[in-house]
Peer 1: 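Just passing along the structure, written as structure tokens.
Chain identifiers are assigned alphabetically (A, B, ...) following the order of the sequence lines, protein sequences preceding nucleic acid strands; residue numbering begins at 1 within each chain.
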There are 2 protein chains.
Amino acid sequence: MKRLTLDEIAKLAGVSRATVSRVVNDYPHIKPEVRERIQAIITQTGFQPNLIARSLASDRSGIIGLVIPNTPRMVFTDPFFPTLIQGITRATNRLNITLSLFLFQTKDEEARTIRTILNTGLLDGLIITADRKEDSFVPKFVRHGVSFVLIGRPETNSEITYVDTDNVAGGYMAAEHLIKLGHHRIGIIGANENTAGDDRLIGYQKVLHDYGLALDPTLITFGDFSMQSGYEAMKSLLPANPDAVFIASDTMALGALRAIREAGLRVPEDIAVVGFDDLPPATQSDPPLTTIQHPIEQLGVTAVELLSKMLNGIDAPPTHTILPAKLIIRASCGAEQSEATQT
Amino acid sequence: MKRLTLDEIAKLAGVSRATVSRVVNDYPHIKPEVRERIQAIITQTGFQPNLIARSLASDRSGIIGLVIPNTPRMVFTDPFFPTLIQGITRATNRLNITLSLFLFQTKDEEARTIRTILNTGLLDGLIITADRKEDSFVPKFVRHGVSFVLIGRPETNSEITYVDTDNVAGGYMAAEHLIKLGHHRIGIIGANENTAGDDRLIGYQKVLHDYGLALDPTLITFGDFSMQSGYEAMKSLLPANPDAVFIASDTMALGALRAIREAGLRVPEDIAVVGFDDLPPATQSDPPLTTIQHPIEQLGVTAVELLSKMLNGIDAPPTHTILPAKLIIRASCGAEQSEATQT
DNA sequence: CTGAAAGCGCTTACAG
DNA sequence: CTGAAAGCGCTTACAG
């Protein structure tokens with residue numbers, strides 16, 4: 001199907017192609033009747049400008065990239081990325097932005113992809129999921145002057161625009177909830193792969209300190225976001241006799257719950273559990289799981305909006321946007337969940 | 001960072017820009033020493049051609065779109081799409097293709113997105129997940145002459161290239177496994193949202209027929225791929241006294257297992273279960289779940305390879321590629337799984 | 001084997 | 001308010 005061009009529309013309307021271009025791009029100063037005449041022809045013919053040509057002429061492609069490096073969560077047990085992608089596409093759809101996806105598993109794929117992203121001029125900007133600490137490529141992007149926003153706090157560089165969940169508050173709420181239920185020996189299964197894990201631990205430590213509880217190092221364990229690691233961390237935690245545990249990811253919580261069950265303990269009678277994340281209640285087959293929810297989808301929406309502003313406006317200083325976390329108390333499995341929000 | 005152009009490389013090498021272009025694009029007939037000289041400069045400067053300019057000149061963007069319409073599975077409880085995306089990106093990375101993602105939730109988003117895809121000339125081709133039957137937009141793509149391959153068998157049009165899992169064989173294997181275990185009243189929780197559901201039911205019916213078992217209509221129920229629908233379907237199935245059940249999706253199986261548990265029945269002693277799909281064993285918290293695995297990731301890889309061939313070669317006739325399904329017998333939850341493959 | 005030149009379909013100062 | 005024209009950075013017949 002032969003595609004119409006600006007020139008052809010111009011011919012049909014009896015004007016120059018420049019004028020048609022202005023109408024298409026909503027330029028203010030066009031004589032109303034001319035605008036209408038052209039507009040009519042456009043809607044009638046269904047003309048849409050060739051994006052490639054526009055990109056070349058305007059040096060803007062309208063395409064942004066979503067970069068997801070290989071991460072422990074990438075195994076996709078975790079609905080984190082799917083949910084994030086949902087939020088991102090909702091925003092790009094609304095803003096008429098095209099989204100390109102860059103996943104890489106191996107270092108080799110990573111290197112090639114990064115080079116392509118940087119040098120081919122295809123993308124206006126990037127959204128990068130910073131789900132591990134040692135992302136060597138982020139500095140490269142900075143050096144090349146690419147516009148990007150990170151999802152997740154970067155470990156060091158504060159000159160970078162990012163959006164993140166308030167993980168410190170999340171960890172705080174989680175442990176505080178357990179404290180208020182009367183627990184004293186509150187363990188944690190943390191994670192140190194990314195700053196989200198760090199921050200959740202910090203929140204946990206903070207609240208224990210605020211409530212005057214001792215920080216028993218034997219109650220602190222780490223996993224790597226996988227279910228298996230949750231299982232093992234819990235096994236190593238049980239000898240320390242926790243009466244409650246905060247698990248910094250629901251995926252790990254699933255593993256931990258298995259360890260608890262295998263030890264013949266009941267949740268929450270023998271050991272209370274608070275998770276973190278946003279696993280669909282679906283997946284939470286077994287025991288009721290109270291959890292800290294982070295607004296993953298909103299993270300995606302916000303990231304796109306920020307990037308879009310960066311691309312349009314004059315470059316503002318780097319922004320750090322922190323979205324609130326929320327404590328979700330689930331009464332029982334599959335039952336309606338009562339939501340208790342805290343800030 | 002100012003990007004280098006073909007012209008600048010040409011100047012550095014003392015040749016014309018046409019020659020550089022030919023080197024970049026691996027044209028055969030270039031004098032070796034010239035090629036080497038240019039190649040050296042290219043690697044040294046890290047030059048990469050501007051993809052936008054190339055696209056405009058060559059009418060090929062190197063970008064393909066992945067279209068995921070709103071589907072019941074889209075809730076992402078189901079790792080189907082994430083896994084698929086993983087396969088697709090593996091292939092696009094290898095073939096040096098850029099992937100754009102088009103998700104839409106609402107009819108409105110759908111309409112706008114489709115128009116953009118069709119008229120802006122950005123994409124070379126499409127991969128479309130055909131996870132529901134009434135995809136009104138597929139005929140539009142056909143009419144516009146876009147190249148695309150479907151993932152999942154379309155309901156009617158056999159003139160379309162698609163890749164799919166052998167769902168009939170999958171349904172057959174599932175029920176046959178149960179028959180061989182000695183079960184007689186084998187129920188099914190099917191799905192009729194997509195042809196995968198249809199085919200799995202067909203396989204089930206076929207094997208019952210082959211083994212001379214009666215087809216009791218009260219043993220046939222349907223869900224919509226959601227966990228909740230699995231729960232309800234199982235509740236409606238239990239009065240028919242099945243001694244086994246084949247559930248056409250593992251997500252529904254999770255719901256069904258809950259219904260079974262609530263009825264005070266044990267799996268597999270009271271009722272044996274075979275699922276379908278590829279939920280990570282992780283999520284299968286509770287009872288051991290024997291399942292039919294389909295090669296989701298391979299589906300993605302194959303789709304990309306096919307599309308790539310269509311875009312390069314002369315248009316071949318429509319191909320229908322069917323990948324084998326596989327029976328996975330899980331000995332017990334979390335334990336090592338023994339894989340029994342059948343064809 | 002290589003170069004000069006046209007052209008891909010737009011945008012955008014510049015004039016008027 | 002509108003048009004003529006240059007230009008974005010490539011590819012690709014066409015000549016030689």
Peer 1: Which residues pass the side-chain contact (heavy atoms from CB on, under 4.5 Å) test with A:Ala18, sequence neighbours left out?
Peer 2: A:Ser16, A:Arg22
Peer 1: How would you list, by chain and number, every residue that makes a ring-ring contact (aromatic ring centres under 6.0 Å, His included) with B:Tyr162, sequence neighbours excluded?
Peer 2: B:His320
Peer 1: Using side-chain contact (heavy atoms from CB on, under 4.5 Å) as the criterion, list what pairs up with A:Lys31, not counting sequence neighbours.
Peer 2: A:Glu33, A:Val34
Peer 1: Please work out which residues in residues 29-42 of chain B have a non-hydrogen atom less than 4.0 Å from an atom of DNA chain C and list them by number.
Peer 2: B:His29, B:Ile30, B:Lys31, B:Val34
Peer 1: Not counting sequence neighbours, which residues clear side-chain hydrogen bond (donor to acceptor under 3.5 Å, both in side chains) with A:Ser100? List them please.
Peer 2: B:Ser100
Peer 1: Side chains of residues 113-124 of chain A: which donor-acceptor pairs under 3.5 Å do they make with residues two or more places apart or in other chains?
Peer 2:
from, atom 1, to, atom 2, distance (Å)
A:Thr113, OG1, A:Glu109, O, 2.6
A:Thr116, OG1, A:Arg112, O, 2.9
A:Asn119, ND2, A:Arg115, O, 3.2
A:Asn119, ND2, B:Gln48, OE1, 3.3
A:Thr120, OG1, A:Thr116, O, 2.7
A:Asp124, OD1, A:Ser61, N, 2.9
A:Asp124, OD1, A:Ser61, OG, 3.3
A:Asp124, OD2, A:Arg60, NE, 3.4
A:Asp124, OD2, A:Ser61, N, 3.3
A:Asp124, OD2, A:Gly62, N, 2.7

Peer 1: Mind checking side-chain contact (heavy atoms from CB on, under 4.5 Å) for B:Ala91 and listing every partner two or more places apart, or none if nothing turns up?
Peer 2: B:Arg94, B:Val301, B:Val304
Peer 1: Is the closest basic N to carboxylate O distance between A:Lys107 and A:Glu110 below 4.0 Å?
Peer 2: yes
Peer 1: When Watson-Crick pairs (N1 to N3 and N6-O4 or O6-N4) and G-U wobble pairs (N1-O2 and O6-N3) count only below 3.5 Å on both distances, what is the dot-bracket string of DNA chain D, with | for other-strand pairs?
Peer 2: |||.||||||||.|||
Peer 1: Indicate for each nucleotide in nucleotides 11-16 of chain D, in 5' to 3' sequence, whether protein heavy atoms under 4.0 Å reach the base (B), only the sugar-phosphate (S), or nothing (-).
Peer 2: BBB---
Peer 1: Kindly write out the residues that satisfy salt bridge (charged side-chain N to carboxylate O under 4.0 Å, His left out) with B:Glu36, not counting sequence neighbours, or none if the list is empty.
Peer 2: none
Peer 1: Sequence neighbours excluded, which residues qualify as side-chain contact (heavy atoms from CB on, under 4.5 Å) partners of A:Thr161?
Peer 2: A:Val149, A:Leu306, A:Met310, A:Pro318, A:Thr319
Peer 1: Check salt bridge (charged side-chain N to carboxylate O under 4.0 Å, His left out) between A:Asp7 and all other residues, then give those that pass, not counting sequence neighbours.
Peer 2: A:Arg17
